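Remember, predicted model here, so these are calculated numbers, not experimental data.
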Amino acid sequence: MDWLEKSLREDFDLPPKNPSEEAQRRWRSAVGSLVKNRRRRFRMVADLDSRSQNEARRRSIQQKIWLALYVQKAAITFIDGAKHKEYHLTDDIIKAGFSINPEELASITSKHDHKALGMHGGVDGISKKIRSTFDRGVSASDLDTRQSIYGVNRYAEKPSRSFWMFVWDALQDMTLIILMVCALISAVVGLASEGFPKGMYDGLGIILSILLVVMVTAISDYRQSLQFKELDNEKKKIFIHVTRDGSRQKISIYDLVVGDIVHLSIGDQVPADGLYIHGYSLLIDESSLSGESDPVYISQDKPFILAGTKVQDGSAKMMVTAVGMRTEWGRLMSTLSEGGEDETPLQVKLNGVATIIGKIGLVFATLTFVVLMVRFLIEKGLTVGLSRWYSTDALTIVNYFATAVTIIVVAVPEGLPLAVTLSLAFAMKKLMNDKALVRHLSACETMGSAGTICTDKTGTLTTNHMVVDKIWIAEVSKSVTGNNTLEDLNSVISPTTLGLLLQGIFENTSAEVVKEKDGAQNVLGTPTERAIFEFGLKLEGGHNAEDRACTKVKVEPFNSVKKKMAVLVSLPNGTYHWFSKGASEIIVQMCNMMVDADGNSVPLSEAQRKNILDTINSFASDALRTLCLAYKEVDNFDDDSDSPTSGFTLISIFGIKDPVRPGVKDAVKACMSAGIIVRMVTGDNINTAKAIAKECGILTDDGIAIEGPDFRSKSPEEMRDLIPKIRVMARSLPLDKHTLVTNLRGMFHEVVAVTGDGTNDAPALHEADIGLAMGIAGTEVAKESADVIVLDDNFTTIINVARWGRAVYINIQKFVQFQLTVNIVALVINFVSACITGSAPLTAVQLLWVNMIMDTLGALALATEPPNDDMMKRPPVRRGESFITKVMWRNIIGQSLYQLIVLGALMFGGERLLNIKGSDSKSVINTLIFNSFVFCQVSAF
């Protein structure tokens, strides 16, 4: 444990000596116990979940993080007598106008130091010392100063590999090393026997060919590494909302500085260490740091929020206290080496093919060398005898060995994995231009085999630009798309009813009006919230009076399980109102009263309830998204209890219009012709979902629409009959989507792609073969669980990913067919020639040249062919189907026989057929064989 103790003392500023031997013993025991328990837990987790290499790598990184964190905690907790570190204000800090040392500020949050926080005057005191205010944030004019004093929000990264490192890697190939040794021996023997420069030709030719192969391979690998680095940088582009200069702005996390006021909401990843200012029901998932699955409730009493954690529920404002390498997350991430991309399933499969072919090539090479040597020794014994040896004999043997080794080089199809990587990298680059960010290489390849796409409705099939189209209030339905909305409503409802409606709109919302840099006002929030809020602004023109009239006491943010949100407000008369808004059927069930035209609460009769449900269905049939707003008056409340679920008074029903995206119908049609079934999974009303699905072409005559509760109630046997027919699932929970995906993969062995945008979609995205997260509406949690991020949230982009996935698969099949044909011909022609004539017509230099062209330029040409429309007219490749099809075997065997016949005719009858005579006739024929071999590959290509 001495190394651990020494490391901890250096890393965590512990004293050089501990005065307490008992404390030292306790510390050693605690560290050992924690490390042992944590490793045991890691082994259990690894045994339970080894589904994929990506998962294994993710867990490996988590293990390192958790282990580092636990060791740190053990050191801090159990070493007694640690001296308190003194922090001093340097001249730079004082000159900049700050009153707290950066290291001290960072340690308050990272160590959850309540005592130090209190000494500095709490969160208010810290804000004054870093010159930040809760309402205005920091000034944009002193961002550079803050970065120079408190650091930038970037983690230390290891330098990228240089080009010469890739050259060195390419030189490590064992067969190339053997060939270089052979080339050197050939050159030395050649110089001794034939002199300079003739004796250098063979050896120098092999060396130059090897260097050319190495340089081409290194250039290819280096370019790929640059592409992957560029794509990796795209993955790290995360934007957050902050308050600066009194206005809310959207900035990159890299531009974040200490003192910034950050707005956090469900699904966000915390970008820096900070202190909680205020918020509602904020739950933070710290499992990425601590490994503990239980979320942490953040409040004024527990204000510490750490970078790298995720917002599981609620919303809040946070003041940044540490960025970059001064955060707990930054220090831990700097100790981890960044892993490269895991091999895709196709690469793994082709590696297996390459290994088998390589072994066959080794057998052929060995036999070729043995046959050549036996014939050489027999001829030598019959002519001059085995007792006499000359330098030319050594040169001949070296050339035989070089030819055998070269056969291995040609036989080993190392170009197969290269072709896959080239094709995937090319596809990733093109998809990036088409608004799809591929996070995992395997997704590109797997998407081409997708047989089912489970897609969201809102924002994916529709534009996500919502407006309130109709409203029902006081038993009257009105279209509100015109300019006379307020006058139309005033004609049927009283000012009291209108005031209650506006109060419900403005108090029970997550949207807010913010001031932009240019002074203009903008409404921020989800599209649904923004639509209702803007409708309220159009009715009233402002809501300052409503804000002054009541105070928010408690907020329950929208939850995809409950499908509603609620707020408790305090009125000037001392009473409280619960306002609840959400899915129409759920809110109506909670109501036993309704607001009439005069603003009075009247009992809700069965006839009126039926009329309300008919109105909801009518709105939904017009492809409108329906939401209900209700309130309940209470005299008191319990801080620990949730909002009531009954006794509400219905205020209004909103019909929100969200048009279908242009091109979606054609994209769905293209999916159907490609054998891909599109299923809509949404939380909306079933009539709304059916109307949109019919407009998009998803819901056909042979398909059915079902609601989530009905789906959940089905037995496995019923699901087996039902799932193939499902085209629409409405009022679904995230768990329903997960169940559907699991059954499609398990029962029907489908390759499933799933779209998602919310935090609760993460399990389904992870379970699917391809997870597609929305780039605009998606949370950071959803994006982290996804394989592909659809940057424009457009369904057409998803079809583009499928097109490129199929192109990758087909391009690799073309290259495999080409390469196997070349391998078979090269192996057979050299082996047969060695057995019959005693020489190999294709020399080491020639085979190396073919290998370079075949493995690099051939891969580049075949693996980067763009998709065409015909690819989307064939059915998807199902699980378990053989990669090398019967048609491919037919083409490989046919081409190989054709080439072997041509080359065999030249080898055994070329001199007679072409009337070639003279002492150099053998060289002429071999040159002709080589050129014919090359042109045969062009014809096969």
Side-chain angles (χ1 to χ4, degrees), residues 49 51-59 231-232 234-236 238 267 269 288 310 341-342 344-345 424 427-428 431-432 434-461 560 671 676-682 729 732-746 750-802 804-805 808 876 879:
D49 188 3
R51 180 181 160 198
S52 66
Q53 291 180 343
N54 284 337
E55 183 70 10
R57 187 182 61 170
R58 183 181 67 81
R59 290 190 178 279
L231 290 168
D232 193 52
E234 289 291 335
K235 296 178 193 176
K236 296 176 181 177
I238 300 174
Q269 179 170 313
S288 57
K310 298 178 180 66
E341 278 282 352
D342 293 316
T344 71
L424 291 173
M428 289 171 73
L431 283 171
M432 188 67 209
D434 292 339
K435 303 298 182 183
L437 171 60
V438 180
R439 297 184 72 249
H440 301 134
L441 267 180
S442 57
C444 240
E445 153 197 321
T446 311
M447 190 64 190
S449 302
T452 293
I453 299 176
C454 297
T455 177
D456 289 333
K457 176 184 74 69
T458 306
T460 307
L461 299 174
S560 59
C671 282
I676 302 172
I677 298 173
V678 181
R679 293 178 165 90
M680 179 198 292
V681 184
T682 178
M729 188 186 294
S732 64
L733 301 178
L735 182 62
D736 298 329
K737 184 187 287 189
H738 183 268
T739 303
L740 178 62
V741 171
T742 304
N743 286 327
L744 282 168
R745 295 182 74 244
E750 291 272 3
V751 178
V752 184
V754 170
T755 69
D757 53 17
T759 303
N760 290 327
D761 287 327
L765 291 170
H766 182 72
E767 176 66 24
D769 296 282
I770 312 102
L772 301 146
M774 299 299 105
I776 299 172
T779 63
E780 289 305 319
V781 174
K783 292 175 186 177
E784 191 176 290
S785 300
D787 302 296
V788 179
I789 299 174
V790 183
L791 299 176
D792 60 355
D793 291 13
N794 195 337
F795 185 78
T796 307
T797 303
I798 298 171
I799 305 307
N800 229 8
V801 178
W804 274 103
V808 167
R879 292 185 195 276

Are Thr452 and Arg679 close enough that a side-chain donor and a side-chain acceptor fall under 3.5 Å?
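Yes.
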Please tell me whether Thr446 and Asp769 have a donor and an acceptor in their side chains that are separated by less than 3.5 angstrom.
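The criterion, which ignores hydrogens and geometry beyond distance, is not satisfied for Asp769 and Thr446.
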Look up atom [atom1] in [X] and atom [atom2] in [Y], then write down how far apart they are to the nearest 0.5 Å.
X: Ile238; Y: Lys783; atom1: CD1; atom2: NZ; value: 7.5 Å
X: Met774; Y: Thr455; atom1: CE; atom2: OG1; value: 6.5 Å
X: Asp793; Y: Thr460; atom1: CG; atom2: OG1; value: 6.0 Å
X: Leu765; Y: Thr755; atom1: CG; atom2: OG1; value: 8.0 Å
X: Met447; Y: Leu431; atom1: CE; atom2: CG; value: 10.0 Å
X: Glu750; Y: Ser449; atom1: CD; atom2: OG; value: 11.5 Å

Would you say the side chain of [Y] lies within less than 4.5 Å of the side chain of [X], judging by non-hydrogen atoms?
X: Leu461; Y: Met680; result: yes
X: Lys737; Y: Ser732; result: no
X: Val788; Y: Leu437; result: no
X: Leu744; Y: Cys454; result: yes
X: Asp434; Y: Val801; result: no
X: Leu424; Y: Glu445; result: yes

So which atom in [X] and which in [Y] form the shortest heavy-atom distance, rounded to 0.1 Å?
X: Cys444; Y: Val438; answer: SG-CG2, 4.1 Å
X: Ala802; Y: Ile676; answer: CB-CD1, 4.4 Å
X: Ala450; Y: Ile770; answer: CB-CD1, 4.3 Å
X: Ala753; Y: Leu772; answer: CB-CD1, 3.9 Å
X: Val808; Y: Ala427; answer: CG2-CB, 3.8 Å
X: Ala762; Y: Ser785; answer: CB-OG, 3.4 Å

Would the distance check show the side chain of [X] and the main-chain N or O of [Y] forming a donor-acceptor pair, the cut-off being under 3.5 Å?
X: Arg745; Y: Val751; value: no
X: Asp787; Y: Ala443; value: no
X: Asn743; Y: Leu740; value: no

Lys310 with Glu784: basic N within carboxylate O range, under 4.0 Å:
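The answer is yes: the pair qualifies as a salt bridge.
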Side chain to side chain contact (heavy atoms under 4.5 Å, CB included) assessment of Lys435 paired with Asn794:
CA-CA 9 Å; Lys435 303 298 182 183; Asn794 195 337; over 6 Å; no
Positive for side chain to side chain contact (heavy atoms under 4.5 Å, CB included) with Phe795, one of Ile453, Val790, Asp456, Asn800:
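Among the candidates, only Ile453 passes.
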